[in-house]
*Asks:* 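Right, I'll just put the structure down here and ask away after.
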Amino acid sequence: MKIVICRRPDQATFLAAHVMTDVLGRDRQKAVLGLATGRTMEAIYAHLIERFRAGMLDFSRCTTFNLDEYVGIPPEDRHSYRYYMNKHLFSHVNIDVTRTHVPDGMAPDLDHAAKLYDQAINEAGTMDLQLLGIGENGHIGFNEPYSSLASRTRVVTLDPHTREQNSGLFDDGTQQVPTRAVTMGVGTILQARRTLLVATGSAKADIVASAIEGPVTASVTASALQLHPDCLVLLDEHAAHKLTRRDYIEQMRHHDPEIIHLLAQLG
Ligand code: F6R
């Protein structure tokens with residue numbers, strides 16, 4: 001695991017956009033991106049749109065798979081993650097919408113649709129890069145505590161903490177947040193060639209420390225990233241402030257060629 005701590009949140013999200021740009025530029029023909037939603041991602045998508053407008057990015061050949069979707073919320077509903085993706089990224093860039101995938105939370109047979117989602121990921125050759133945020137309960141995607149670290153895309157029950165965390169976008173608060181979702185499994189996520197976890201803000205400090213320095217446990221599904229052979233973590237100072245091995249992270253900053261190159265992007 002490589003960890004980069006940025007002074008400001010906008011620097012962490014800027015670097016995330018840079019890493020994604022690199023993947024898209026490397027193999028435009030068939031780049032497969034795993035995408036996430038949430039507040040942290042909004043800034044990353046804004047940076048990507050800026051880069052697209054500046055002619056630095058071409059999405060025309062890439063394929064995307066989103067992590068998750070609420071059960072029972074249709075794609076055209078402003079609370080759905082499909083709507084989020086259209087609003088924050090897809091409608092602003094030259095992506096072929098037929099190559100964008102978000103789990104179907106309205107499928108008559110949700111279990112079957114989830115299986116087909118994993119199948120589609122495999123057929124596309126799996127994600128070159130999976131972008132991830134972390135929930136305050138340690139989830140990646142909607143892999144709530146106790147999710148098997150070998151889990152595949154499936155229907156899950158949402159943790160009350162997650163529903164509370166996500167209630168801001170729903171008019172009537174937590175009551176309106178669905179109780180179930182479809183999410184890529186932890187095992188599906190770990191299949192990505194590279195994983196990129198981005199976290200900002202002090203509300204994430206405790207859980208970031210547990211995920212990175214704590215034991216690998218289904219109670220904090222982000223800790224499974226410790227098992228991923230190529231995981232990059234981008235944090236701001238607030239999200240990083242409970243990490244105890246700052247001396248080693250500082251060492252990486254000065255000696256890891258990839259990190260040196262990345263930080264040079266901040267000018
Ligand atoms: C959303 C997702 C979630 C979020 C996480 C952090 O697709 O997969 O795991 O990344 O809940 O959300 P924010 O950024 O809103 O704190």
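Just so you know, residue 1 is the first one in the sequence shown, and it goes up from there. Just so you know, ligand 1 is whichever comes first in the structure, and atom 1 is the first atom listed for that ligand. Small disclaimer: the values here were computed from a predicted structure and weren't measured.
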*Asks:* Does some side-chain heavy atom of L262 sit less than 4.5 Å from a side-chain heavy atom of H18?
*Replies:* yes
*Asks:* Any Lys/Arg nitrogen of E144 or R163 sitting under 4.0 Å from an Asp/Glu carboxylate oxygen of the other?
*Replies:* no
*Asks:* Identify, for atom 14 (O) of ligand 1, the protein heavy atom at the shortest distance, and state residue, atom and that distance.
*Replies:* T40 OG1, 2.5 Å
*Asks:* What residue and heavy atom of the protein are closest to atom 6 (C) of ligand 1, and at what distance?
*Replies:* I134 O, 3.4 Å
*Asks:* Can you report which non-hydrogen protein atom sits closest to atom 1 (C) of ligand 1, along with the distance?
*Replies:* T37 OG1, 3.0 Å
*Asks:* Number the atoms of ligand 1 from 1 as they appear, then name those within less than 4.0 Å of a heavy atom of L67, with their elements.
*Replies:* 8 (O)
*Asks:* What protein heavy atom sits nearest atom 10 (O) of ligand 1, and how far away is it?
*Replies:* G133 CA, 3.4 Å
*Asks:* Check contact between Q165 and ligand 1, using heavy atoms of the residue and a distance below 4.0 angstrom.
*Replies:* yes
*Asks:* Y81 to ligand 1: N or O pair under 3.5 Å?
*Replies:* no
*Asks:* Hey, would you say the F142 and Y70 ring centroids sit under 6.0 Å apart?
*Replies:* yes
*Asks:* Specify whether F65 and H101 have parallel, tilted or perpendicular ring planes, treating 30° as the upper limit for parallel and 60° as the lower limit for perpendicular.
*Replies:* parallel
*Asks:* Salt bridge check, K2 against D256: does any charged N sit closer than 4.0 Å to a carboxylate O?
*Replies:* yes
*Asks:* If the contact criterion is a heavy-atom separation under 4.0 Å, does K204 count as touching ligand 1?
*Replies:* yes
*Asks:* With a 4.0 Å cut-off on N to O distance, would you call D171 and R78 a salt bridge?
*Replies:* yes
*Asks:* Note the single closest protein heavy atom to atom 8 (O) of ligand 1, along with its residue, its atom name and the distance in Å.
*Replies:* D68 OD2, 2.9 Å
*Asks:* Quick one: do E42 and K87 satisfy salt bridge (Lys or Arg N to Asp or Glu O under 4.0 Å)? Show the steps, please.
*Replies:* CA-CA 10 Å; E42 287 179 24; K87 177 176 169 195; over 6 Å; no
*Asks:* Just to confirm my output: which protein heavy-atom neighbour is closest to atom 11 (O) of ligand 1, and how far is it?
*Replies:* H139 NE2, 2.7 Å
*Asks:* Among all protein heavy atoms, pick out the one at the shortest distance from atom 9 (O) of ligand 1; state its residue, atom name and that distance to 0.1 Å.
*Replies:* G141 O, 2.8 Å
*Asks:* Does R39 make a cation-pi contact with Y84 (under 6.0 Å, within 45 degrees of the axis)?
*Replies:* no
